[in-house]
Amino acid sequence: MKSKFNKLFVTILLVVAVTCCGAFGVMAADNTDEAAATSTTETTETNTDNDHNSSLSIGLVAAALATGLAGIGGGMAVASAAPAAIAANSENEKTFGKSLIFVALGESIALYGLVISIMILSKLV
């Protein structure tokens, strides 16, 4: 039982770390855009369509990775937490609240990834 909990905990931490890195990347990209806009005073339109397409494609891949990895991690977390929660609830009904928290934490990881991908897609437009 303890090894399953450790595996679940490591999976949750890994996926939360990936989504947090995505959020920090979105914030860092926002700061660099503002700095680049203030530093160029005389430049004319240097951004070509090819540059825009490459940055758009990288942004779309980043949004897809954030959603996909968070969904996979959330699925792995729920797949190991839900059977343990059902077994614990069948032995002692007082453990329902504690087991529900662990299952909800696993499900919320996928929502965090979705929020990060929405933030990335909002910066692309």
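When reading the values below, keep in mind they use all heavy atoms of this one structure, side chains included, and skip hydrogens, waters and symmetry mates. Along the sequence shown, the residues carry numbers beginning at 1.
Contact between Ala79 and Pro83 at its shortest, heavy atoms only, is O-CD, 3.2 Å.
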Side chains of residues 95-105: which donor-acceptor pairs under 3.5 Å do they make with residues two or more places apart or in other chains?
unit_1 : atom_1 : unit_2 : atom_2 : d
Thr95  : OG1    : Ala88  : O      : 3.1
Thr95  : OG1    : Asn92  : O      : 2.8
Ser99  : OG     : Thr95  : O      : 3.0
Ser99  : OG     : Phe96  : O      : 2.9

Side-chain donor-acceptor pairs under 3.5 Å in residues 58-67, sequence neighbours left out?
unit_1 : atom_1 : unit_2 : atom_2 : d
Thr67  : OG1    : Ala63  : O      : 3.1
Thr67  : OG1    : Ser117 : OG     : 3.0

Side chains of residues 70-78: which donor-acceptor pairs under 3.5 Å do they make with residues two or more places apart or in other chains?
none

